[in-house]
Protein chains: 2
Amino acid sequence: MCRNSLPDWIAAISHNKKNLVLKKGQTLFTEGDAVKGIYFVYDGIIKVHKNWNKDKEIILRFATRGDIVGHLGLGDGAAYPVSATAVEQTVLCFIDMPFFESSLNINGSLVKQLMRFFANELYQAEEKVKNLVHMPVKARIAQALLRLDEQFSTDEEGYLGIELSRQNLASFSGTIYETLFRVVNELTAEGIIKTNGRSMMICDKSALEQIIALENN
Amino acid sequence: MCRNSLPDWIAAISHNKKNLVLKKGQTLFTEGDAVKGIYFVYDGIIKVHKNWNKDKEIILRFATRGDIVGHLGLGDGAAYPVSATAVEQTVLCFIDMPFFESSLNINGSLVKQLMRFFANELYQAEEKVKNLVHMPVKARIAQALLRLDEQFSTDEEGYLGIELSRQNLASFSGTIYETLFRVVNELTAEGIIKTNGRSMMICDKSALEQIIALENN
DNA sequence: CGCATGCTTGAGCACGTTCAATTGCGGTGG
DNA sequence: CCACCGCAATTGAACGTGCTCAAGCATGCG
């Protein structure tokens, strides 16, 4: 269903494995950590990000219920090339690599699903590359908001189902705190989004799409 | 061997399929084209790129002998999200999707290799995302040169085994023609690279690495 | 009550892009 | 053989976006 979920097979694999609970802000693994296995998110939100310079990071994606994390460990590298941190309290299950590999050997359909999943992830990543090169900040932020809107359903009032600090939103948009601020202010002033202190609400989705479209002519 | 090659299995699949020859500059497919199958490069170089605005593009990667092209068609989209164009004369073989899918069903090892390949591609793409966000142009160009150096072996004099127009190099570095120009001039003046009109030569690899390292502190 | 920490805003600056003008060169036709 | 044209290479100057830095507020906690 969601492009990022492998609902059934992984669930089947993982159902008798031990669960893991991460509190908000806790980190699951960090760039450079040795690959031990992969993780399957039952509930909550994990951000997958890359750091440099202590207070600079770029958030590549959010993993939520039904998503997997750490799958880059399936590549040739012996270490994770990304970090994973809980954005809110998250329950996940750890599948050690030997077990996972043997599941892959037994279950051909799982591998195919996984391959397809990777293909979609790659698509997303390359789209992001393109956007970073040719879109101005405001459009990137608009895009980021729309992606959040797709991925996280909204509550009854219409607020996004993810509570993201501005810092995180900035990192997800590929910009810095202050810049994100001014743009969010703009968008709020224009009546396109609003915030209730906790989360955000997109009031005018087509306005966001239009901001993005300006660059794609 | 090379992270981007699937030497044996695909070769086995493809050995009785019809070959295809593309002249320099010819395009294999364009963003939005319906996915018909995937391609396997026997010889030559294909650039995989995304376009917008007629004369603006970003080159995501180069596919060369042993690489596959069009594999994003394996994702959920019905259309290629990228374009593919020959940088020099290229021989490749087309494998239609039904045939390829059935090969995947028969040959579990192939799927696993492919999955691993995707994982590595994803790693590369995410690395690129990071670099675009936090590196200044000069460092990105240095990085681009090093990647070319890795991927394309050098001739007896030490020149890169790829003849890339400056326009292409700019697109690969995520910048524009003029900017690339000035930086290439700088690098030449500093004695780090040189050019013989056809191709380029990296004279001082560690100097390039140092330019990149300045940003990663 | 005072210090610390994070939010907010302002001003300046730098990098890289844009635009335009000039040069160089190869091909073509007179 | 020279003159002209066209296109790509090259350079210069100016502009704008978005980042940096730092000061002003607010909020919280000892």
Side-chain angles (χ1 to χ4, degrees), chain A residues 24-25 51-59 87 129-145 163-189 193-200 211-212 214-217, chain B residues 24-25 51-59 87 129-144 163-190 193-200 211-212 214-217:
Chain A
K24 177 173 179 169
N51 291 68
W52 70 102
N53 267 0
K54 189 162 56 73
D55 44 15
K56 306 245 189 186
E57 63 167 21
I58 167 89
I59 296 178
V87 170
V129 168
K130 177 180 135 193
N131 293 342
L132 282 171
V133 174
H134 88 278
M135 278 188 177
V137 196
K138 189 170 182 181
R140 291 211 306 271
I141 291 172
Q143 178 104 31
L145 289 170
E163 288 178 21
L164 215 47
S165 73
R166 282 156 197 268
Q167 180 55 259
N168 276 334
L169 189 50
S171 299
F172 187 52
S173 310
T175 186
I176 57 164
Y177 196 86
E178 292 96 322
T179 300
L180 178 106
F181 228 80
R182 300 173 219 256
V183 175
V184 164
N185 280 351
E186 267 184 61
L187 292 173
T188 307
I193 60 174
K194 68 179 173 187
T195 171
N196 64 357
R198 307 204 151 274
S199 185
M200 280 185 159
I211 291 172
I212 296 167
L214 284 179
E215 321 303 328
N216 286 341
N217 59 339
Chain B
K24 177 173 178 169
N51 291 69
W52 71 102
N53 266 359
K54 188 162 56 72
D55 45 14
K56 305 244 188 186
E57 63 167 19
I58 167 89
I59 297 179
V87 169
V129 168
K130 177 180 135 191
N131 293 342
L132 282 171
V133 174
H134 89 277
M135 278 187 175
V137 197
K138 189 169 183 181
R140 292 211 306 271
I141 291 173
Q143 178 105 30
E163 288 178 22
L164 215 48
S165 73
R166 283 157 196 270
Q167 180 56 259
N168 275 334
L169 189 50
S171 298
F172 188 52
S173 310
T175 186
I176 57 164
Y177 196 86
E178 292 95 322
T179 300
L180 179 107
F181 230 74
R182 300 172 220 256
V183 174
V184 165
N185 280 351
E186 267 185 60
L187 292 174
T188 307
E190 298 171 42
I193 61 173
K194 68 179 174 185
T195 170
N196 64 356
R198 305 204 151 276
S199 184
M200 279 185 160
I211 291 171
I212 296 167
L214 284 180
E215 321 303 329
N216 286 341
N217 59 339

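Chain letters run A, B, ... following the sequence lines, proteins first and then strands; every chain starts at 1.
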List every contact pair, protein side and nucleotides 23-26 of chain D side both N or O, where the distance is under 3.5 Å.
none

* Tell me: CZ of A/R140 to C1' of D/dC19, nearest whole Å? -> 12 Å
* To do: State, yes or no, whether a side-chain contact exists between A/E57 and A/N168 at a heavy-atom distance under 4.5 Å.
  => yes
* Asked: Is A/T175 near enough to D/dC19 that one of its side-chain N or O atoms lies under 4.0 angstrom from OP1 or OP2?
  -> yes
* Asked: If we only count heavy atoms from C-beta on, is the A/Q143 to A/M135 side-chain gap below 4.5 Å?
  -> yes
* Do A/I211 and A/L187 touch side chain to side chain, with heavy atoms closer than 4.5 Å? -> yes
* Looking at side-chain heavy atoms only, is the closest gap between A/E186 and A/I141 below 4.5 Å? -> no
* Would you tell me if any nitrogen or oxygen in the side chain of A/T179 comes within less than 4.0 Å of OP1 or OP2 on D/dC19? => yes
* Does B/E190 have any side chain to side chain donor-acceptor pair (under 3.5 Å) partners at least two apart in sequence or in another chain, and if so, which? -> B/K138
* To do: Quick one, give me the B/S/- string for nucleotides 7-13 of chain D, reading 5' to 3', where B means a protein heavy atom under 4.0 Å from the base and S means that only happens at the primed atoms, P, OP1 or OP2.
  => --SBBBB
* Asked: Can you name the nearest heavy-atom pair linking A/L180 to A/R166, along with the distance?
  -> CD2-O, 3.5 Å
* pair B/W52-A/V133: side-chain heavy atoms closer than 4.5 Å -> yes
* Compare side-chain N and O positions of A/K56 against OP1 and OP2 of D/dT20 and report whether any pair is under 4.0 Å apart. => yes
* Roughly how far apart are A/S171 OG and A/N51 CG, rounded to 0.5 Å? -> 8.5 Å
* Integer-rounded Å distance: D/dC19 P and B/H134 NE2 -> 14 Å
